[in-house]
Amino acid sequence: MPKLTVANLDRHWAWTSRMFRTEHKRWVNLFDEALTRTSDLLAELEGKRQLAENCSYLLLSKAVNHILSMWHLANHGLNIDASLCARNAVETLLLLQICLLDPEEQYFAQWAEGKECERAWVRKQLDLIREVSVREIIYSRSSDEDGENSFIYGWLSKITHANAESFSHSTRAKGANSFEVIVGGDTQGTASMVNTLFVISLSKLVFTEVLCASVLRLEWLEERKDQFNSLSKAVHALAKEYTQHT
């Protein structure tokens with residue numbers, strides 16, 4: 001293990017960031033596009049005096065900050081903590097989804113008054129939804145999606161909790177009977193995790209943004225639906241391409 005100093009870590013992270021952006025260039029490009037779409041929606045919601053719009057702006061901003069933290073940590077090969085940030089982002093996005101799908105908008109009011117919604121409750125409530133009418137849209141949900149959010153949350157939790165399984169993400173085999181403990185992050189052998197983190201974060205972000213715009217700013221979305229659809233298809237296409245080659 002190299003000596004841990006700020007200067008050494010800065011040099012190491014500069015190197016891992018260059019490697020990351022080379023190895024994951026296509027994800028980097030999609031991430032950049034997703035940030036553009038996110039900025040557009042946040043600008044549309046910012047400064048409004050309606051409760052739902054204000055709460056959505058705050059929750060979406062919080063989720064984006066978690067995703068930006070995930071991006072920064074993954075750039076430096078710190079994938080366990082990148083996974084924690086991805087999990088925080090997913091939790092926030094799911095909370096926004098259940099608030100948006102409440103026709104009475106009571107969940108927004110309760111959240112604004114300080115009520116804390118249990119993560120498991122949010123996932124369960126989303127699984128119970130089949131079809132609901134909210135403002136100008138009718139939202140339909142397939143039973144094929146049941147359990148998806150719990151599976152994602154469970155997968156991320158296994159990585160982030162301090163159990164024996166999580167340490168497989170911070171160690172690397174070194175010979176037949178020994179392991180190297182990685183301190184300071186590394187990009188070697190992390191392509192599968194990085195791809196999964198991007199798929200989870202970007203797909204949940206884009207879906208939630210489309211839902212948010214559909215409920216709160218349908219006319220605005222109609223003018224930009226091709227951009228969001230194109231981004232969503234690109235994320236899923238790249239994810240599928242990766243799984244076919246692993």
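Remember, it's a predicted structure, so these values are computed and weren't measured experimentally.
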>> Quick check: is L84 connected to W155 through a chain of hydrophobic side chains (ILVMFWY, heavy atoms under 4.5 Å apart)?
In response: no
>> Walk me through whether Y153 and R119 qualify under side-chain hydrogen bond (donor to acceptor under 3.5 Å, both in side chains).
In response: CA-CA 10 Å; Y153 184 85; R119 298 181 293 269; 2.9 Å; yes
> Taking atom CD1 of I137 and atom CG of L216, what is their separation to the nearest 0.5 Å?
Replying inline: 9.0 Å
>> Restricting to non-hydrogen atoms, name the atom on S56 and the atom on C212 that form the minimum distance, rounded to 0.1 Å.
In response: CB-SG, 3.9 Å
> Which class fits the ring pair H24 and F198: parallel under 30°, tilted 30 to 60°, perpendicular over 60°?
Replying inline: tilted
> Hey, is R18 close enough to E23 for a salt bridge, meaning N to O under 4.0 Å?
Replying inline: no
> Roughly how far, to the nearest 0.5 Å, is the SG atom of C55 from the CD atom of Q110?
Replying inline: 11.0 Å
> Does L126 offer a backbone N or O that forms a donor-acceptor pair with the side chain of R141 under 3.5 Å?
Replying inline: yes
> Do the side chains of H76 and F20 get nearer than 4.5 Å, heavy atoms only?
Replying inline: no
> Minimum heavy-atom separation for M70 to A82, with atom names?
Replying inline: CG-O, 3.3 Å
> Are L211 and L42 connected in a single hydrophobic cluster, I mean Ile/Leu/Val/Met/Phe/Trp/Tyr linked by side-chain heavy atoms less than 4.5 Å apart?
Replying inline: yes
> Taking atom CD of E209 and atom OG of S214, what is their separation to the nearest 0.5 Å?
Replying inline: 11.5 Å
> So do I67 and C85 actually touch side chain to side chain, heavy atoms under 4.5 Å?
Replying inline: no
>> For S157 and R87: C-alpha separation, side-chain torsions, deciding distance, then whether side-chain hydrogen bond (donor to acceptor under 3.5 Å, both in side chains) applies.
In response: CA-CA 8 Å; S157 295; R87 192 183 73 179; 3.0 Å; yes
>> Using the rule side-chain contact (heavy atoms from CB on, under 4.5 Å), only one of T38, V210, V90 pairs with L205; which is it?
In response: T38
> Given K62 and N88, is the side-chain hydrogen bond (donor to acceptor under 3.5 Å, both in side chains) satisfied, shown in steps?
Replying inline: CA-CA 9 Å; K62 183 177 186 296; N88 289 340; over 6 Å; no
>> Is any side-chain heavy atom of D40 closer than 4.5 Å to one of W220?
In response: yes
> Under 3.5 Å, side chain of S230 to main-chain N/O of D226, donor-acceptor pair present?
Replying inline: no
> Are N54 and Q50 side-chain neighbours, meaning at least one heavy-atom pair lies under 4.5 Å?
Replying inline: no
> At their closest point, which heavy atom of S83 faces which heavy atom of I159, and how far apart are they?
Replying inline: OG-CG2, 3.6 Å
> Is there a donor-acceptor pair closer than 3.5 Å between any side-chain N or O of T190 and the backbone N or O of T187?
Replying inline: yes
> Under a 4.5 Å cut-off applied to non-hydrogen side-chain atoms, are W13 and L78 in contact?
Replying inline: yes
>> Surrounding NE2 of H72 (heavy atoms of other residues, nucleotides or ligands, distance under 6.0 Å), is the total greater than 12?
In response: no
>> Using the rule given for side-chain hydrogen bond (donor to acceptor under 3.5 Å, both in side chains), can you reason through R21 versus N75, listing the C-alpha separation, both sets of side-chain angles and the distance that settles it, and then say yes or no?
In response: CA-CA 7 Å; R21 295 178 189 223; N75 257 265; 3.0 Å; yes
> Does the S203 side chain pair with the main chain of I200, one donor and one acceptor, at a distance under 3.5 Å?
Replying inline: yes
> Does L94 share a hydrophobic cluster with L128, counting links as ILVMFWY side-chain heavy atoms below 4.5 Å and allowing steps through other members?
Replying inline: no
> Within the side chain of S69, is there an N or O that forms a donor-acceptor pair under 3.5 Å with the backbone of N65?
Replying inline: yes
> Would a 4.5 Å heavy-atom cut-off, applied to side chains only, mark R37 and Q227 as touching?
Replying inline: yes
>> Can you confirm whether L60 sits close enough to L93 that some side-chain heavy atom of one is under 4.5 Å from a side-chain heavy atom of the other?
In response: yes
>> I need the minimum non-hydrogen distance between E53 and L45, along with the two atoms involved.
In response: CG-CD2, 4.2 Å
>> Can you tell me how the ring of W71 sits relative to the ring of F31, calling it parallel under 30°, perpendicular over 60° and tilted otherwise?
In response: parallel
> Can you tell me if D102 uses its side chain to pair, donor with acceptor, with the backbone of Y107 under 3.5 Å?
Replying inline: yes
>> Salt bridge check, E148 against K204: does any charged N sit closer than 4.0 Å to a carboxylate O?
In response: yes
>> Quick check against the 3.5 Å criterion: does T5 have a side-chain atom that pairs as donor or acceptor with the backbone of N8?
In response: yes
>> If hydrophobic clusters are built by linking Ile, Leu, Val, Met, Phe, Trp and Tyr wherever their side-chain heavy atoms come under 4.5 Å apart, do L59 and L68 end up in the same one?
In response: yes
> Can you tell me how far NZ of K233 sits from CG of L231, rounded to the nearest 0.5 angstrom?
Replying inline: 12.0 Å
> Knowing that exactly one of V199, L202, L30 qualifies, which makes a side-chain contact (heavy atoms from CB on, under 4.5 Å) with L238?
Replying inline: L30
> So if you build clusters from Ile, Leu, Val, Met, Phe, Trp, Tyr with side-chain heavy-atom gaps below 4.5 Å, do V122 and F151 land together?
Replying inline: no
> Rounded to the nearest 0.5 Å, how far apart are CH2 of W121 and CD of Q125?
Replying inline: 4.5 Å
>> Restricting to non-hydrogen atoms, name the atom on K48 and the atom on A43 that form the minimum distance, rounded to 0.1 Å.
In response: NZ-O, 4.4 Å
> Should D127 and K124 count as an ion pair when the cut-off is N to O under 4.0 Å?
Replying inline: no
> For W111, which of L51, L96, L95, I98 qualifies under side-chain contact (heavy atoms from CB on, under 4.5 Å)?
Replying inline: L95
>> Using 0.5 Å steps for rounding, measure from the CG atom of L101 to the OG atom of S133.
In response: 11.0 Å
> Hey, does the side chain of S39 reach the backbone of L35 with a donor-acceptor pair shorter than 3.5 angstrom?
Replying inline: yes
>> Restricting to non-hydrogen atoms, name the atom on W27 and the atom on V235 that form the minimum distance, rounded to 0.1 Å.
In response: CH2-O, 3.7 Å
>> Checking R26 against E241 for the side-chain contact (heavy atoms from CB on, under 4.5 Å) test, could you report, in this order, the C-alpha distance in whole Å, the side-chain angles of both residues, the deciding distance, and whether it holds?
In response: CA-CA 12 Å; R26 295 169 69 186; E241 181 180 325; 2.7 Å; yes
> Would you say the side chains of S192 and N195 form a donor-acceptor pair under 3.5 Å?
Replying inline: no
> Any side-chain heavy atom of N79 sitting closer than 4.5 Å to one from L73?
Replying inline: no
